[in-house]
K.L.:
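Below is the structure I would like to discuss, written out as structure tokens.
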Amino acid sequence: MVLFFRKEHSSLPCPALRLPRSRGKASGLMSPFLAEATARGFLHQCTDPEALSAALSLGPVSAYIGFDATADSLHVGNLTSIMLLRLLQRHGHRPVVLMGGGTTRIGDPSGRDESRQLLTDDIIAANIAGIRRAFTPYLRFGDGASDAVMVNNADWLDGLGYIALLREVGPHFSVNRMLTMDSVRLRLEREQPLTFLEFNYMILQSYDFRELHRRLGVALQMGGSDQWGNIVSGVDLVRRTDAAQVFGLTTPLITTSSGAKMGKSAKGAVWLNADRLSPYDYWQFWRNTEDADVGRFLRLFTEFPLDDIARLEALQGAELNEAKKTLATAATTLLHGAAAATEAAETARKTFEQGAAAETLPTHHVPAADLAAGIPVFRLLAESGLAASNGDARRLIRGGGARLNDTPITDESYLLTAADVPNGWAKLSAGKKQHRLIRPI
């Protein structure tokens, strides 16, 4: 596969420089960080790869990625960006995590056909507190040259005066050009409304880049491919107002081989915080990776050497299942620690290979009084997270995919009672790989 880098103001791939996604030695044109990022599949577009590589080779470079606080946890769809920051730090550079306390008030229109729900300040603050927890397993924070820092763009955006911003920044943005950016153009082409509030998002993200450049010496903004227009606009603003060269690069949109969006499962988002998704379910998400994705996900979401990954992805049949377990354990170790990953793997082994209801399976508690009266099993499937809704649970039962204590459930109206929990728990299953222990309290 050939990787194309884009020049700062181009909307088409630049043919002058092609960096292959090689598993061998890197080209001399690339810094070690860019070389490994390319080999692992992180890089999609870059404003000026030769100049960026030169800057990265001279010493520590500060680079940032922004995260808006739209939920109280990040999910696997954000993991590509987090792993890229981790890789940057491993190569001696400084990651800057920008929390969007200010921009969350507007909502990023990139990749969406409708406006985001406007959140209150209290909800945004609570979401930021939850999101912070996702970074500590991956990044080393501190005061050293390559130690990560976390900042909040509300610190400078909240104090901006509207007229002052228009006069100082507005002249550097062409509406004609803004209309060509994907975040705006695609919404308009689909005849979906784009509010004036959202239209300002590109300007504020560009302002963030300039502010981080001035405050922290940040020279590189990274993000998903849907952020390309916003990133290029920030590069251009810094050039125009500060006469400085800064850089932007993007990661590709990560989808599964079947075309599903990364970070989504049949039950919804695959959250990073343990209070939103258990380590066991996180392990299971990676264990269920499609065959064709094993090598790609090992390169992106683990730190195994590339030669080892090439050997693992070449496995076939039952041996490939062992590679999936390796991926699951490595990814879970990075986020939740070795003990939690080992426990999840052992729980899976007992549950699937021995057919036992392991005590460490995720547990869903029910009131004993409800159990005495009888609880609709379809409701338990939904409430425990084994199904997305009551309707989805009923369809699961009709399709023969629901089991109670390893026995297929054939009656949609079946009531779970105390008779089903003789050992103090009942094992509820959706398919062969998703299980919950139902315990009365």
Side-chain angles (χ1 to χ4, degrees), residues 5 7-9 30-37 42-43 45-68 81-103 128 132 135-136 138-160 165 168-169 172-173 202-224 227-228 230-251:
F5 284 86
K7 290 293 185 180
E8 179 177 331
H9 300 294
M30 289 185 285
S31 71
F33 165 67
L34 285 181
E36 185 172 357
F42 282 104
L43 297 193
Q45 301 152 301
C46 183
T47 54
D48 191 336
E50 297 98 331
L52 174 59
S53 185
L56 290 163
S57 299
L58 291 175
V61 168
S62 294
Y64 92 95
I65 299 179
F67 300 84
D68 277 347
S81 293
I82 297 174
M83 290 297 292
L84 184 59
L85 288 173
R86 180 179 173 88
L87 179 64
L88 180 90
Q89 187 171 56
R90 285 204 292 113
H91 282 279
H93 304 289
R94 181 171 66 160
V96 176
V97 178
L98 177 65
M99 300 306 302
T103 44
I128 289 175
R132 288 179 189 274
F135 292 98
T136 52
Y138 294 98
L139 301 176
R140 182 187 69 255
F141 288 86
D143 299 322
S146 62
D147 286 344
V149 295
M150 182 177 288
V151 293
N152 187 336
N153 62 16
D155 291 345
W156 53 84
L157 294 182
D158 283 2
L160 288 178
L165 178 67
E168 201 256 322
V169 175
H172 302 292
F173 285 83
M202 186 185 303
I203 296 175
L204 295 185
Q205 184 169 325
S206 301
Y207 191 93
D208 283 344
F209 197 174
R210 192 185 71 172
E211 195 68 17
L212 289 170
H213 176 68
R214 290 178 175 180
R215 291 179 178 227
L216 299 175
V218 170
L220 171 63
Q221 181 183 175
M222 305 186 293
Q227 296 297 313
W228 177 248
N230 295 338
I231 291 173
V232 167
S233 296
V235 169
D236 193 49
L237 178 63
V238 175
R239 179 183 63 82
R240 289 172 177 271
T241 61
D242 293 18
Q245 183 178 25
V246 292
F247 308 95
L249 67 81
T250 63
T251 58

K.L.:
Would you check if the side chain of Thr47 reaches a backbone N or O of Gly248 as a donor-acceptor pair within less than 3.5 Å?
P.N.:
yes

K.L.:
Any chance you could measure Phe33, atom CZ, to Phe42, atom CZ, to the nearest 0.5 Å?
P.N.:
8.5 Å

K.L.:
State, without any angle test, whether Ser146 and Arg90 hold a side-chain donor-acceptor pair at a distance under 3.5 Å.
P.N.:
no

K.L.:
Rounded to the nearest 0.5 Å, what's the gap from OG1 on Thr250 to CH2 on Trp228? Could you check?
P.N.:
6.0 Å

K.L.:
To check you understand the geometry: which heavy-atom pair defines the closest contact between Ala51 and Gln245, and what is its length?
P.N.:
CB-NE2, 3.7 Å

K.L.:
Tell me whether Arg214 is salt-bridged to Asp242, with the criterion being a basic N under 4.0 Å from an acidic carboxylate O.
P.N.:
yes

K.L.:
So, taking the atom named CD1 in Ile231 and the one named CD1 in Ile65, what distance separates them when rounded to the nearest 0.5 Å?
P.N.:
8.5 Å

K.L.:
Between Glu36 and Leu87, is there a side-chain heavy-atom distance shorter than 4.5 Å?
P.N.:
yes

K.L.:
With a 4.5 Å heavy-atom cut-off, do Leu204 and Asn153 have their side chains touching?
P.N.:
no

K.L.:
What distance do Leu220 atom CG and Ser62 atom OG have between them, rounded to the nearest 0.5 Å?
P.N.:
9.5 Å

K.L.:
Under 3.5 Å, is there a donor on one side chain and an acceptor on the other for Asp208 and Gln205?
P.N.:
no

K.L.:
Do Tyr64 and Val151 come within less than 4.5 Å of each other through their side chains, counting heavy atoms only?
P.N.:
no

K.L.:
Is the shortest heavy-atom distance from the side chain of Arg94 to the side chain of Leu216 under 4.5 Å?
P.N.:
yes

K.L.:
If I take atom CG from residue Asp147 and atom CZ from residue Arg140, how far apart are they, to the nearest 0.5 angstrom?
P.N.:
4.5 Å

K.L.:
Indicate yes or no: at least one non-hydrogen side-chain atom of Leu34 is less than 4.5 angstrom from one of Ser31.
P.N.:
yes

K.L.:
Any idea which heavy atoms bring Gln89 and Tyr138 closest together, and the distance?
P.N.:
OE1-O, 4.4 Å

K.L.:
For Pro49, is there any backbone N or O sitting under 3.5 Å from a side-chain donor or acceptor partner on Ser53?
P.N.:
no

K.L.:
Which atom names give the shortest non-hydrogen contact between Pro60 and Gly92, and what distance separates them?
P.N.:
CB-O, 3.6 Å

K.L.:
Looking at His172 and Leu237, would you say the former's side chain and the latter's main chain have a donor-acceptor pair under 3.5 Å?
P.N.:
no

K.L.:
Work out which heavy atom in Val97 is nearest to a heavy atom in Leu85; give both atom names and the distance.
P.N.:
CG2-CD1, 4.1 Å

K.L.:
Taking all non-hydrogen atoms of both residues, which atom of His93 and which atom of Val61 are closest, and how far apart?
P.N.:
ND1-N, 3.0 Å

K.L.:
Measuring from atom NE2 of His91 to atom OG of Ser57, what distance do you get when rounded to the nearest 0.5 angstrom?
P.N.:
11.5 Å

K.L.:
In this structure, is the centre-to-centre distance between the rings of Phe141 and Phe135 below 6.0 Å?
P.N.:
no

K.L.:
What heavy-atom pair brings Phe173 and Ser233 nearest, and what distance separates the two atoms?
P.N.:
CE2-CB, 4.0 Å

